[in-house]
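Here, residue 1 is the first one in the sequence, and each next residue gets the next number. Counting convention: from 1, in listed order, for ligands and their atoms alike.
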Amino acid sequence: MGRCCAIIDPICAEHDNPSHPECNARLVNACSGIPRDISLLAPEPALREDVERVHDPGYLVWLEQRCAATATLGWLDSDTYITRRSFNAALYAAGGAIAAVERSIKGEHCFALVRPPGHHAECDRALGFCLVNNVAVAAKKALEQVDTIAIVDWDVHHGNGTQNSFYGTDRVLYCSVHQEHFFPYSGTTDEVGRGNGKGYTINAPLQAGSTIADYQCVFSDIFVPAIERFSPDVMIVSAGQDILFDDPIGRMNILPQDFEPLTRMLVHAARVPLALVLEGGYSPSHGAAVRHIFAALSSEGKVNAPGIPPTERTQTMVSRLKSAHRLP
Ligand SMILES: [Zn+2]
C-alpha cells in the first residue's frame with residue numbers, strides 16, 4: 001500500500017480533434033490531477049502480437065490503412081474519428097495499459113492516463129471513440145503469466161468490448177456499473193457470461209442521476225464480495241470518470257471526492273495493487289477526480305457510509321444481482 005505511479009504519453013496527442021469531447025485537452029485536464037510526488041513513466045507501444053490476442057488481424061490492417069489514408073480527419077462511424085497518426089497513438093495507449101498491469105504485478109498501484117480509450121472496441125470493429133481495447137489487450141497479455149484477473153469498469157457506459165473479450169472464460173471476472181438504457185445499450189443484469197464464463201460477468205445498470213450512495217451499494221454488496229470470492233492475481237480498473245456530475249455526456253451525480261471511497265473499496269477487496277486505465281471522462285472536474293483517485297492509492301483510509309441511502313430501484317437491482325450471482 002502506498003507506492004504508486006502514473007503512465008502518461010505525449011503520443012496520445014497525435015489522435016486529436018479539438019471539437020470532439022474525446023480530445024487531447026480532456027487528457028491534459030485529467031493529468032492536471034496527478035500529484036507532483038507521483039513518478040511518471042512513458043509506455044512502449046503494444047506489439048502487434050499483443051493486440052492480435054484481442055483483435056482480428058484483418059481489422060488491424062484495415063484500421064492502420066484507414067489512418068494512413070486520412071489527410072487530417074476521418075470518421076469510422078458518426079462518433080469515432082481518426083487522424084493520420086491514430087493507429088500509432090492507439091498502439092501506445094494499449095502499451096500504456098500493458099505497462100500499468102506490469103507495474104501492478106511488480107507491487108505498485110499504477111494509473112495509465114492514455115487515450116484513445118478502449119472499452120467499446122470489439123474484436124473486429126471500432127466503436128464509441130475506441131479503436132483498440134486497451135484493457136482487454138493488457139489483460140490477455142497478463143493471462144500469459146497469471147491465472148486470474150478482475151476488471152471493474154466504472155465508466156458511465158457499459159464496456160461491451162471488454163465484456164465480449166472474456167465472456168466465455170472463468171479466468172476473468174468482469175464487473176461493470178453503468179447508466180442504464182444508454183450507449184452502447186448492452187450490459188443488462190442477465191448478461192452473466194457463457195459456458196465456462198457463466199457467472200464471471202456482472203452487470204449493474206443504474207438509473208441516470210445515481211449518486212455515491214447507489215455506487216457504494218453496488219460496490220459493497222456486489223463487486224467487493226465477488227472480487228473477494230474470486231481472489232484475483234491482477235485487478236484492473238476501467239477508469240472512466242464520465243460519471244461526474246458535470247460531465248457533458250454522462251448523466252450521473254458523482255462528485256470528484258466520491259472516487260476516493262470507490263478506489264479504496266477496490267484496494268481493500270483485491271488485496272493486490274490496482275492497475276487503472278483511463279476510459280471516458282470529459283468534464284471540468286476530471287482533474288479533481290484523478291487527484292482523489294491518487295489520494296486513495298497513496299494513503300490508508302477508511303470508507304465512510306454515504307450520508308444518504310441508495311434509491312429503492314438500486315436496492316431492488318442489487319438484491320436481484322445478489323441472488324443471481326449467489327453472493328452472501
Ligand atoms: Zn464512457
Side-chain angles (χ1 to χ4, degrees), residues 12 15-17 20-27 29-31 33 76-81 90 93-94 96-97 111-122 125-138 151-165 174-188 191 203-212 214-215 218-219 223 236-256 258-259 262-263 276-290 293:
C12 295
H15 172 79
D16 195 20
N17 174 3
H20 191 281
E22 206 296 284
C23 59
N24 199 59
R26 72 131 187 147
L27 180 62
N29 181 29
C31 289
L76 300 181
D77 59 40
S78 58
D79 296 324
T80 312
Y81 72 86
F111 192 169
L113 288 135
V114 291
R115 49 176 294 281
H119 72 157
H120 296 307
E122 296 276 6
R125 108 178 150 114
L127 188 73
F129 317 164
C130 301
L131 306 179
V132 165
N133 196 316
N134 306 319
V135 161
V137 168
I151 301 172
V152 167
D153 188 333
W154 69 41
D155 189 282
V156 78
H157 304 98
H158 178 239
N160 57 289
T162 312
Q163 172 173 299
N164 289 335
S165 296
Y174 177 71
C175 303
S176 178
V177 56
H178 45 269
Q179 187 176 318
E180 65 180 0
H181 312 308
F182 200 47
F183 183 88
Y185 306 100
S186 51
T188 56
E191 292 169 34
N203 282 300
L206 290 175
Q207 271 178 297
S210 291
T211 66
I212 186 61
D214 302 288
Y215 277 82
V218 167
F219 273 50
F223 292 179
I236 305 178
V237 182
S238 253
Q241 283 65 251
D242 44 9
I243 52 177
L244 280 162
F245 71 102
D246 58 348
D247 194 88
I249 297 178
R251 290 286 170 270
M252 291 306 191
N253 210 356
I254 292 296
L255 301 173
D258 294 337
F259 284 96
L262 295 184
T263 306
L276 299 99
V277 181
L278 183 67
E279 298 287 357
Y282 312 97
S283 77
S285 64
H286 197 177
V290 167
I293 291 170

Legend entry - Non-hydrogen side-chain atoms of H15 and L131 separated by less than 4.5 Å: yes

Inset, instruction - Using a cut-off of strictly less than 2.8 Å, determine whether E279 has an N/O/S atom near the Zn ion (ligand 1). - result: no

Inset, instruction - Could you tell me whether any N, O or S atom belonging to H119 is less than 2.8 Å from the Zn ion (ligand 1)? - result: no

Inset, instruction - For F182 and H158, run ring pair (Phe, Tyr, Trp, His ring centres under 6.0 Å): C-alpha distance rounded to whole Å, both residues' side-chain angles, the deciding distance at 0.1 Å, then the answer. - result: CA-CA 8 Å; F182 200 47; H158 178 239; over 10 Å; no

Legend entry - Side-chain donor/acceptor of Q179 to backbone N/O of R251, under 3.5 Å: yes

Legend entry - Exam field: side chain D246 to backbone S283, donor-acceptor pair closer than 3.5 Å: no

Legend entry - Angular separation of ND1 (H157) and OD1 (D155) seen from the Zn ion (ligand 1), to 10°: 100°

Inset, instruction - Starting from the Zn ion (ligand 1), look over the N/O/S atoms of D242 and name the nearest one. - result: OD2

